[in-house]
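Remarks on the structure that follows.
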Amino acid sequence: MSGRVIHPWPLRLTHWLNVIAMVIMIGSGWQIYNASPLFDFTFPFTIGQWLGAAIAWHLAAMWLLVLNGLIYVVWSLASGHYKKLFPIRPRALLRDLRAALSFDLKHERGVYNAVQKLLYVGVLFAALVAVLSGLAIWKPVQLWFLSDLFGGYVVSRFVHFFAMTGICLFILIHLLLVALVPKVLPPMITGGRLP
Amino acid sequence: MIKRRSMLLRAMALGVSVPLGGCNYEDPEHPDLADKFLHAMSAWNDRVQAALFDPHTLAPTFKPDQITRPPRFNAFYSIDQAPVVDEATYRLELGGQIQDKTPWKLTQLRVLPQESQITRFVCVEGWRVIGQWSGVPLRDFLRRVGADTRCKYVSFKCADGYYSSIDMPSALHPQTILALDFLGQPLTPPFGAPVRLRIPTKLGFKNPKSIVQLAVTNIYPGGYWADQGYNWFSGS
């Protein structure tokens, strides 16, 4: 047990805090959506049994989501962790994507393959859009510049919905990959060691 | 392997249900731990919103052809149960930190300078409508009756039992009006006749209808929905 840690503790801490924040935000967001659906369906599973409780959860957990996200970004920049996410080269992406789809993608400990890089950068972007469009919906008057950025109050709601959809797709793929390669889970809890 | 995976799924399912089970935020009289947490966060969000509130930032205004027709009725009861107030005997009662508490007749309110606005009404449920309201700017009215505008709150009591309150900075905002007209006509009972608050810098439920009493106070007055768990400030 002498090698380098695969997942340093700030990464693990912010990852699991983010799990809590995301579950609350998405679950309560679905209940809020149900009060005035944008499309011809409602969500069967939600957090907060009624609108008031769902909004209370949503506007409480947003602080955890945003503060935890800021800590992750600052740590990532300060520690150089962000360099693991870049560059994403198209050729490597095509190669890794093909390998992944034929279930032939080798998992190299401590290194992100191109598909992982794209997914992680993609979900970070979706989360940023979700937060900014959420603020635009919450404060269309005081934060009018955010509201304008997304094309007004009504469009902001759609942008917020699709950002959530993107995050949910990421979670689905993320969990599927963990299920396919279960050995990646323990290091996200213990930190793990590179041989 | 299968066992481990099903354990993982079970752990995830527990993660969803354990911290949130039973937190219904439904009984304000008997708050559980989660309710207290949510209440503290909501109070924190009130302070954040008060700090974010800029008295010079105006809510967006719209063109007459953007008005939502027909207008959308919303209340905690159905449209046929809206209170009908007799306009001849109507008096707007004043209370709290106000020098001249003489009640106001509707005709007296009508001769004060009126403001008209075409603004967006955003419901806490997520939908929005655009309407045109006109009436007496609340800040003009508060000054006229000698209200102590250093107080924290302006509270409202309504003919239908509804009640609400707003912070003083929002009450003094130039777009906050005691509306008498809606879509160019006197207010009708479903839309708050004879006097309603129109405050486009807050969510719809902070726009009480059929107001019968207005008071200025430093004691937190709460509100019909705020007392049930909705965020009190609910600014836009």
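Predicted model only: the values in this text are computed from it and were never measured. Within every chain, numbering begins at 1; the chains are lettered A, B, ... in the order of the sequence lines, protein sequences first and strands thereafter.
Looking at F37(B), the atoms closer than 4.5 Å to chain A (heavy atoms on both sides) all sit in the side chain, from C-beta outward. Only the backbone of L58(B) comes within less than 4.5 Å of a heavy atom of chain A; no side-chain atom from C-beta onward does. Using a 4.5 Å cut-off between heavy atoms, L51(A) contacts chain B through both its backbone and its side chain. Proximity to chain A (any heavy atom under 4.5 Å) is shown, for S236(B), by both the backbone and the side chain. Interface residue W44(B): only side-chain heavy atoms are found under 4.5 Å from chain A. Heavy atoms of V124(B) lying under 4.5 Å from chain A belong to its backbone as well as its side chain. With a threshold of 4.5 angstrom between heavy atoms, V154(A) approaches chain B through side-chain atoms but not through N, CA, C or O.
Smallest separation of non-hydrogen atoms from P140(A) and R120(B): CB-NH2, 3.4 Å.
Taking 4.5 Å as the limit, every side-chain heavy atom of F53(B) sits out of range of all side-chain heavy atoms of K139(A). Taking 4.5 Å as the limit, some side-chain heavy atom of V141(A) sits within range of a side-chain heavy atom of P60(B).
When the shell of 6.0 Å around NE2 of H7(A) is examined, it contains more than 12 heavy atoms from other residues, nucleotides or ligands. No more than 12 heavy atoms of other residues, nucleotides or ligands shown are found within 6.0 angstrom of CG on L33(B).
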side-chain contact (heavy atoms from CB on, under 4.5 Å) evaluation trace for Q142(A) with Q49(B): CA-CA 9 Å; Q142(A) 299 304 332; Q49(B) 292 177 92; over 6 Å; no
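Ring centroid separation for the pair Y153(A) and W127(B) does not come in under the 6.0 Å cut-off.
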